[in-house]
Each structure stands twice: as C-alpha cells, then as structure tokens.
Amino acid sequence: MAVNLDNLDDMIDQLASMERAAELDVIREARKRLRATVRRYMPTFKKATPKKSGAAIKSMKVKSRSRRGVSTVTLNWLVSYAGYANFNKGQSAERFASEAFSRHKEEMDAQGLKDVKGSFEMMFKQHGVKVK
C-alpha cells in the first residue's frame, strides 16, 4: 500500500497501523525539524526586538514540547520584562515585531508543513511503506 502525503487521513491511518515507537519517532522528528525552522527565523526576530540593553535579544530561546501527540514550538524572550517593555500593544516595538512576523508568516507556515510531511515520509520509508 502506498501513502499519499497530501492526504492527512491516509497518513494518520497508516501511522496508526504501525507500532507506537514509530508514532513517537514521527513526533520527535517533526519537532526537531520545526525547531530548526524557527531557529532560521531568529535573526529576523532579533532585528525586530528593541535594543535598549541587548538583554532581550540575548535571552531569545526556541522551546518545544509535545503533549498527547500535539507538538508546539515557540520562540520566547526569557527576560521578565519582555511582554511589558518590548511588545505592549500600541507601542512601536510591538508594531515592528508584528510586521516582521506577518511578512514571514506564510513562508514559515509553508516550511512547517514541509517539515511535518518530511518527517512522515522519512518514517514511512524506514518502515517499508511506499510514499506517493
């Protein structure tokens, strides 16, 4: 049986028929690829971060976690004042950061989808499943 990577239901059915370890491997691989994608955009968001002391820029970290099969990858500013000083609504810094995100959102979404499909494809090929 061949799996069509454009059909999510087909991919999920095929993955469900495989062992549990394969499911976890797909999740881990997808999360790893998504983290790499977010890291590629860090310089863009560093430019969009206000530079009063540089502490906010140095504190940027990519974090990820998976719970119940749902993975989240986030880019965080770890200074305590980041939410208040840098990105309050109505401030020029918030507008600048939002514009930087909007300019790259479609590109980031497309790359994220490509990463997830790539992790499914890799796992299916490892287990001998043909991929369309």
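Given the structure is predicted, the values throughout are model-derived calculations rather than measurements.
Thr72 and Arg65 share no donor-acceptor pair across their side chains, judged by distance under 3.5 Å alone. Judged purely by distance below 3.5 Å, without hydrogens or angles, the side chains of Arg33 and Ser119 never pair a donor atom with an acceptor atom.
Side-chain contact between Lys117 and Leu113: present, with at least one pair of heavy atoms (C-beta onward) separated by less than 4.5 Å. In this structure the side chain of Tyr41 reaches within 4.5 angstrom of the side chain of Glu107, judged on heavy atoms. Proximity of Arg40 to Thr37: side-chain heavy atoms (C-beta onward) are separated by under 4.5 Å at one or more points.
Across Ser59 and Val79, no two heavy atoms sit closer than the pair OG-N, 3.5 Å. Closest non-hydrogen pair, Trp77 versus Ala56, comes out as CD1-O, 3.4 Å.
A distance of 12.0 Å separates CG in Asp25 from CZ in Phe120, rounded to the nearest 0.5 Å. Rounded to the nearest 0.5 angstrom, Leu24 CG and Met123 CE are separated by 9.5 Å. Glu29 contributes atom CD, which lies 11.5 Å from atom CD of Glu121 (distance to the nearest 0.5 angstrom). Note that CG of Asn76 is 10.5 Å distant from NZ of Lys61, once rounded to the nearest 0.5 Å. Rounded to the nearest 0.5 Å, atoms OG (Ser64) and CZ (Arg35) are 4.0 Å apart.
Hydrophobic clustering places Phe124 together with Val26 (ILVMFWY residues linked when any side-chain heavy atoms are closer than 4.5 Å, directly or through intermediates). Residues Met42 and Met108 are members of one and the same hydrophobic cluster, defined by side-chain heavy-atom contacts under 4.5 angstrom among Ile, Leu, Val, Met, Phe, Trp and Tyr.
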Practice item. Take Val62 and Val73 through the side-chain contact (heavy atoms from CB on, under 4.5 Å) test and state the conclusion after the steps. Key: CA-CA 7 Å; Val62 176; Val73 179; 3.9 Å; yes
Exercise for review: Would you please test Met60 and Leu75 for side-chain contact (heavy atoms from CB on, under 4.5 Å) and show each step?
Suggested key: CA-CA 7 Å; Met60 290 176 72; Leu75 177 63; 3.6 Å; yes
Review point. Could you go step by step and tell me if Asp115 and Lys32 meet the salt bridge (Lys or Arg N to Asp or Glu O under 4.0 Å) rule?
Key: CA-CA 9 Å; Asp115 291 339; Lys32 183 173 81 173; over 6 Å; no
